Amino acid sequence: MAKTIGAPRGTRDLLPEATPAWDRVEAVARDLSRRYAFDRIEIPLFERVELFARGLGESSDAVEKEMFRVGGARGSEEERAEWALRPEPTAGIVRAFIEHGMHVRPGPLRLTMIGPMFRYDRPQAGRYRQFTQWDVEVLGDAGPAVDAELIELAMRFYRDVGLSDAVARVNSIGDAACRPAYRQALVDYFTGHVERLTDDSRRRLEVNPLRVLDDKALPEDLADGAPRASDHLCADCRAHFRTVLDLLDGLGVRHVVDHRLVRGLDYYTRTAFEFVIAGREGQQQALGGGGRYDGLAELLGGRSTPGIGFGIGLDRTVLAMEEQGIALPPPPAVVAVVGTGDDHADRLRVAATLRDAGLAVRPDGTSRKLGKQLESAAKAGARWAAIIGEELAAGEVILRDLETGEQRPVAADQLVEAITGRSASVDDAMRSR
Ligand code: AMP
């Protein structure tokens with residue numbers, strides 16, 4: 001036998017038993033996108049490396065360590081240096097916003113997408129090389145009401161999928177006016193303790209001191225004693241942050257201020273936030289996160305446009321739902337259509353009628369014995385079997401309840417009603433509304 005080929009490291013196949021949870025989280029995300037009046041946008045899976053380098057910053061992990069580079073089969077080194085699979089969607093969405101002159105549209109623009117992202121990281125539980133995010137972005141609104149609205153939206157998402165113990169961690173990292181002084185305060189502080197920093201943090205101290213606070217290995221006392229962004233905010237940033245917190249209080253959104261939470265890149269401004277399961281902040285990787293990036297559009301060559309968005313990791317959302325044993329809505333009841341001999345035309349015709357009424361149907365395509373067909377229908381999880389036999393000549397089929405084993409003849413044109421308890425005409429009327 002030929003050697004088998006496995007899935008790439010850090011990727012996962014979602015087998016049918018895993019996908020109902022995904023259907024659920026995607027349906028909730030789409031429904032909320034609609035109810036919060038977001039418009040769908042799609043962007044390419046790969047972009048120029050330079051877009052991410054500028055859009056995320058050379059010193060971000062996503063660019064420095066995790067870029068998933070791609071090139072053609074005959075691609076040269078230079079070509080491979082040029083393209084990368086998207087590690088996150090914001091840079092691509094803002095690129096599209098600029099490229100298509102979307103600033104002239106009536107704003108603020110509310111954009112959303114769901115799709116795979118790629119980071120060439122060391123795989124572990126909850127950390128994959130391909131993962132899926134639900135992303136929302138608002139462009140052209142300087143807030144602070146929209147900041148609170150997006151945090152409330154994310155929290156509503158977690159509640160709707162059953163993760164009602166999610167909590168928002170929020171912080172403000174200031175803006176171009178006040179961050180330089182904060183940055184300097186961090187440099188001064190950590191330089192005094194440089195011997196206790198990891199190599200990673202020592203490097204960050206030079207290129208991006210805010211991100212030292214991000215280092216999971218930072219000793220607790222050192223983190224606690226570090227200067228806090230909230231103590232260094234200028235009056236405008238302080239007022240913005242105060243309003244965001246007041247609005248969250250007013251909305252009853254569960255949140256805590258986390259002074260260590262940073263988005264340590266120059267064009268990230270003001271509000272930064274992350275979502276975790278309450279009480280598991282330490283061990284649990286974030287379920288999602290986002291923040292304001294008022295400087296990004298300009299940095300990518302567009303006109304200055306305030307922006308804010310979040311990315312919710314659907315893989316980690318599904319993992320948390322599984323850990324908490326959250327029940328999913330039952331799958332739709334399937335009707336098997338079985339028969340005898342060579343009556344496949346009849347089986348497919350009956351199947352089509354049931355599908356017209358919105359039912360899920362699996363006709364048996366074999367000519368096995370009836371008993372075998374019923375057995376495999378029940379094993380495959382079908383709830384009903386419509387058995388086609390000689391009664392069809394008299395306009396009837398046998399409807400069998402595969403749970404109880406009871407069966408009775410039903411007029412073919414009454415089959416939908418017998419299965420659903422509703423009349424087909426009512427059903428049709430509901431669907432055509
Ligand atoms: P980030 O842009 O790093 O804040 O990521 C936003 C969210 O995407 C995170 O909170 C995670 O839920 C999810 N995420 C990020 N990286 C990964 C990964 N490698 N595997 C799975 N989920 C991820």
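In this text the structure is predicted, and so the values were computed from the model without any measurement. In listed order, ligands and their atoms are each counted from 1.
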Heavy atoms of other groups near Phe46 CZ, more than 12 under 6.0 Å: no

Within-cut-off N or O pair, Phe131 and ligand 1, under 3.5 Å | no

Quick check: does Gly288 get an N/O under 3.5 Å from an N/O on ligand 1? yes

the protein heavy atom lying closest to atom 19 (N) of ligand 1 turns out to be Tyr128 O, 2.9 Å

The atoms of ligand 1 lying under 4.0 Å from a heavy atom of Gly311, numbered in the order shown, are 6 (C), 7 (C)

Ligand 1 to Ala286, heavy atom cutoff 4.0 Å, flagged ligand atoms 9 (C), 10 (O), 11 (C), 12 (O)

ask   = Touching ligand 1 at all, Asp315? Heavy atoms, strictly under 4.0 Å?
value = no

* Is Ile312 close to ligand 1, meaning an N/O of one under 3.5 Å from an N/O of the other? -> no

- Query: Do other residues, nucleotides or ligands put more than 12 heavy atoms under 6.0 Å from the OH atom of Tyr189?
  - Reply: yes

Near Leu287 (heavy-atom distance under 4.0 Å), the atoms of ligand 1 are 10 (O), 12 (O)

Discussion item. Below 30° counts as parallel, above 60° as perpendicular, anything between as tilted: where do the rings of Phe118 and Phe68 land?
Written reply: perpendicular

For atom 13 (C) of ligand 1, the closest protein heavy atom turns out to be Gly313 CA, 3.7 Å

heavy-atom search around atom 4 (O) of ligand 1 in the protein gives Arg263 NH2, 3.1 Å

| Is the His103 ring parallel, tilted or perpendicular to the Phe97 ring (thresholds 30°, 60°)? | perpendicular

Q) Would Asp221 and Arg196 pass as an ion pair if we require N to O under 4.0 Å? A) yes

Less than 4.0 Å between a side-chain N and a carboxylate O, is that true for Arg156 and Asp160? no

Ligand 1 to Gly126, heavy atom cutoff 4.0 Å, flagged ligand atoms 20 (N), 21 (C), 22 (N)

Notebook entry, point to check: Just wondering, more than 12 heavy atoms not from Glu99 lying within 6.0 Å of its CD?
Noted result: yes

Candidates Arg316, Glu274, Gln133; heavy atom nearest atom 6 (C) of ligand 1 found on Gln133

I'd like to know if Asp231 pairs up with Arg228 as an ion pair, taking the criterion as any Lys NZ or Arg NE/NH1/NH2 lying under 4.0 Å from an Asp or Glu carboxylate oxygen.
no

Judged by heavy atoms only, the candidate from Arg119, Gln124, Gln285 nearest atom 3 (O) of ligand 1 is Arg119

Test of ring centre spacing under 6.0 Å for Phe275 and Phe273:
yes

